[in-house]
Every structure is written in structure tokens, then in C-alpha cells.
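Residue numbering restarts at 1 for every chain, and letters A, B, ... go by the order of the sequence lines. Computed from heavy atoms alone, side chains included, the values below leave out hydrogens, waters and symmetry copies.
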Amino acid sequence: MCGESCLTIQGMALNVTELLAGAVKTALHAAALPAPEAVAWEIPREAEHGDYATNVAMTLARPARRPPRQVAEAIVRHLPAVAAIERVEIAGPGFLNVFLAPRWCAEALREILLAGEGYGQSDLGRGRRYRIEFVSANPTGPLVIVNARAAAVGDALARILRSQGFQVACQYYVNDAGTQFQALASSMEVRLRQALGESAELPENAYPGEYLVDLAQDYLARDPAGARAALALPAGERLERLGRLAVDTMVAGQRRVLEEYGTAFDRWTYEATDVRAAGLPERAIDELRAAGFIYEAEGALWFRSTALGDDKDRVLRKSDGELTYFAVDIGFHHFGKFADVDCVIDLLGPDHHGYIPRLKAAMTALGHPEAAFDVLIVQLVTLLRDGQPVPMSKRRGEFVLMEELLEEVGRDAARFTFLTRRHDSPLEFDLAVATRQSADNPVFYVQYAHARVTSLFRTAAQQGVAVPPWREVDFGRLALPEEQTIIKGLLQYPELVAGAARAREPHRIAYYLSELAGIFHPYYKAHRILTEDRPLSLARLGLCAAVGQVLRSGLGLLGVSAPESM
RNA sequence: GCGCCCGUAGCUCAGUUGGAUAGAGCGUCAGACUUCGAAUCUGAAGGUCGGGGGUUCGAUUCCCUCCGGGCGCACCA
């Protein structure tokens, strides 16, 4: 009876649309009308249009060869008695507007409380294994502000998917090979020589950031003999040694900042050892060849990606014998990612969107279903301070570091702010606003609502109010319209999380939480929770507890803390 | 030139895969603390959803076109 995202506790379905859809399907069957695979429900803007509305009657009008309103009437006539439904109205061209029964809502609130932390979770994923790769900044410098955005999005997505019954592994890829590595190594050498007082100039493609100056000086201070010995090595070994040192230091720094941010990666994959030295690109090329997608031309090895929707064919091995970045990436994806998971999600920057078709083509050629590979673009961040852009010049090596961001606005405000936008739309991040601890900063608004709830329970305890188990409380006392609105809001939470998981859109959670806080604050302001009327007080305490519980759950999905006091 | 993303209130952005009279926060203006946390609350003003066509019962949403932004078009990574 129950669908995949239907949560049943104590025999009561808490997935409202699932419940309503079941009733409508029963009615359609009884009325001998064709039943669609899915009945779509929406939450109407206008309260007069009910709590849930569906347009099935309109969509069925054509196949049933009857006017929509007649179809609607037939559905209503055959609708089984369902406790959740108070009444159904037919409106407009044929909408079915459903009004939930207050008594059922009261019981639903009890179920929410009894479900506790499990409320909002589901088995949508049925244990399907996902791998998400994100941040994966080049090991040529510290993490910057866009990396913080990608970390927020990727980590929240992982948490959301896990809550829906997916197994999720987070992966970080270290590009410690190729030309960037060479540039880093030679920059490091120059900085080291400069630290020794030698005259050395940074080459054209070098990394100019101050951090390499610091790194060279630290190295020299820590291990002067080792530093001099490294410089005395032959060119190849010298660059390898210095480059490795720089990479290790950079990665360690990136890792530390990500940990402070609350982002945990299950696997750190190194291009040089885990992918190139392991021969993954060659093995992937062999598979592509066997599948007939490889040809040679002009001294190079080509992948026929145009056969799978790309604009042009792509080189995998250059005429100088070197593998391209693309070839390495194919090996990494096919073996390093897909080896032990069912689905892969990449988070990439906007400068890589042209890269997606060829990567998808390669995965398809290697036999991965289209739906198993997803690429999300995380757009750029513009940094403002009181509305004024903060200058960032990559050329001069001046960035706003992720570390500095965390220091200035804190982890919670940073994460929440990044998650109040769709990941693929550019974001303006105003440092002053994120630091301001007031209503124009949504994270404080939501956290404050949570703190108010916990504070309320502290006060109740001080007043000697004994809170019995929720199954003994009469929630039928919650008769105020605001109370019904809050319960209905809470009822939307499981489907909202499932939707965010399906669409890979963590920002939906952030918006939901703001809205929930936005109906809770006015209620709390206008009505006393702890009154002389003890049964009413307990019912209201339960409502507040449920709000707090859902806020805590949602904030947890975003990786933002739910403080007990602020 | 080709491809992708975007254009919604003064600002920053949502809009539930096509729904009913267009949404929030900030900002502006006018108000509310003897009571559970004023980091809060109440109210007002604010719109040709970039323009124009099309698809249909119905379009901010889908298609075409134009205008205006961003990005990508390597034997770079």
C-alpha cells in the first residue's frame, strides 16, 4: 500500500500526499476511471484552496472523455473515508481541494514526536551506494571562498541522501601530477632559493602567492640541511621532492580547514599514485578500445566522443606520448569512483561545464547508465562587505581564504548562507550581513527559534512542570489556526527532504527552515505556552518540541548547529 | 560564430518539474517589551515575472525569436 518514501509509525502514515493519493486511486478505481501512475499534489497558496490540491481530474478529463468537473465529482463521490481528510471541495476548472482534519493533525503531531530523530528520514535510497566528489581544489594553494561553497553543498547533499537511505561516500581528489604540479614545484624551488638569499625569479606560469614564501621559510627554519640537500639534487628529483613537500603541506592545510568546517571525506585520492601509477587511464583506454571508441590520428590517440553527444572528438594521448587530463580523469572515474558504488555525483566549478558532455560520453561508452552519473555545477561567489565588492585578484595571488571566512563569520553562518541559494546560481556573500546577529541573517533567525524552544523547556522545568510521555498528551487542545498551520508545516518535512534529495537541492531545506521559524516566532510571541491550563500547556509544549525537533533535524542536514542557547 | 546557465519588488533571492488573485528576507515608512529569550513581533507601500510570438482549459515554468548579462568552445588542467 505504501510507496517508497512512505514512513509508517504506529500504523499511521506520515507521508500525507502518499496517503491522499491512495485515497484518490481507490476512488478512481471504484468509479471505473483510469488511474494515472502518480497523483500530483501541491500545497495551494490560498488557504481557501485547502491544505493539499490535485489536478488529476483535469489530466484525466481527456482520456476519460468527460469534462474535468464531472471527473472530479466522480472522484469525490467514490472517495473512501480517510481519517486525514476533513472534506474535499471541487473548485475552478476541476481542482480537488483537500482539507485535513484537525483531529487527525493532532494525532499526526504525536507521531512526529514519537518518531523523534527518525522523522524526516526514509528508505527512498534502499541502500543504494553513492559517491560524491567535491571541493577537490588543486594542491597549489589554500582553499578559498568558492571551495567553502562547494564543501557546504556537497556535504549537505551527502547528509540529505544519507537521511533518505542512501549510502554515501565523500571523495576528495588531489591533482598532484601534471603541469600544475610542475609549476608548483618550480615556484617552491624559487621561493626556497630566495629564502636562502639567492637571486631567483618566478617563472611565467608560477604561483605567486605569499603562502609559498612562508612555506619555504618554514621549511628552511625547520630543516635547513634537508632544504639545502634538496636543492642540490638533480632537476627531476629536486622538483619531485620540493613539489611533494608543497603538496603535502597544502593538502594538510586544506584538510584541517575542512575539518573545522565539519566536512568529512571518506576517501582522499591522489592522482599521481592512486590513478596514474596504478595504470587506471590505460586500462580505461583499453576498455574504450574494445568498445570501439578509440582511433589514432595525427600521431595522437582519440576518443570518439561525438558518437555520444559531444561536440568534437577528444584526445586521450597526445602526440608527445603524454596522457591528457581527460584520459586520467576517465580512468579515475571508471575505476576510482565507480568501482564500489552505484552512482557518482561530481560537483564542478562553472569553468568546467563545457567538460561535462565529454565526461558523460566517456562514462556511457564504458557502460555506466546515464542516470548513474550526475554533474552539478557550483557557481561562483562574489564577496561583499556592506554591499561593496571585496577585491580578489588571482593574478597577484590575493584571495579570500576559506580560513579567513570561517574566522570572520563562523561555520554556521557560512554554511547556511551558501545553502540559501541554488548551487548553480551565482551567489553574493556579504560578510557584514553574515556576521550581523539579527533578523537579516537567516541562520540566526532559525537558530534562535531552536534556542527559544530549548529555553522554554528549561523554564518549564524550573516551574516544576512535569512533561509526561507524548502518548498521554491530548493534542486535540491545539485548536488555534496558527497551531494547525504549524502542524501542517511540520507534516511537509519528510516529503521536502525527499524532494531535496531527489533534485539534489539542499537549499530547499534552508528555505523550509526559515519558513518554519517564520510561523513559529509569531505564534510564540502571540500565545503563552505555559499557562494555568495544564493540559493545554502540555499540548503546546509538544507542538514546540516538534518544531524544535524538526529545526534540529533540518539544521543537521545542512551541517549547521542547533544551539540550546545563544 | 556554436553550446550551456541566467534575467521575478529598490537590493538579495525563492517559486514544490504546467495551476487558481505573484512570494520571502532585507531596505523604506508606521507601531509593540510589568508576562515563557525584543537575535522577536504587528501593519503599510512596493511587480508589464527582460520584450514579442506560440503550445492549452491554464505559462514565471515548455517551444521559437529578439534584447541584455555570465561562462565554455585545446594534442591546458
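A straight line from CZ of A:R452 to C1' of B:rA38 spans 8 Å, rounded to a whole angstrom. Distance, A:E46 CD to B:rG19 C1': 12 Å, rounded to whole Å.
Checking A:S425 against A:Q379 by side-chain atom types alone, no donor-acceptor pair falls below 3.5 Å. A:D346 and A:H352 share no side-chain donor-acceptor pair at under 3.5 Å. Checking A:E271 against A:N175 by side-chain atom types alone, a donor-acceptor pair falls below 3.5 Å.
The separation of B:rA74 from B:rG18, taken at their P atoms, amounts to 35 Å, rounded to a whole angstrom.
The pair A:R540-A:E483 meets the salt-bridge criterion, with a side-chain N (NZ, NE, NH1 or NH2) lying under 4.0 Å from an Asp/Glu carboxylate O.
Syn is the glycosidic conformation of B:rC33, whose angle stays within 90° of 0. In B:rU8 the base sits anti relative to the sugar, since the glycosidic angle is further than 90° from 0.
Two residues, A:S425 and A:M58, neighbour RNA chain B, and the one matched to the more 5' nucleotide by heavy-atom proximity is A:S425. Looking at which nucleotide of RNA chain B each of A:A91 and A:T454 is closest to, the 5′-most match is held by A:A91.
In secondary-structure terms, RNA chain B builds stems of at least 3 consecutive Watson-Crick or G-U pairs, each pair having both distances under 3.5 Å, at B:1-5 with B:69-73, B:10-13 with B:23-26, B:28-32 with B:40-44, B:50-54 with B:62-66.
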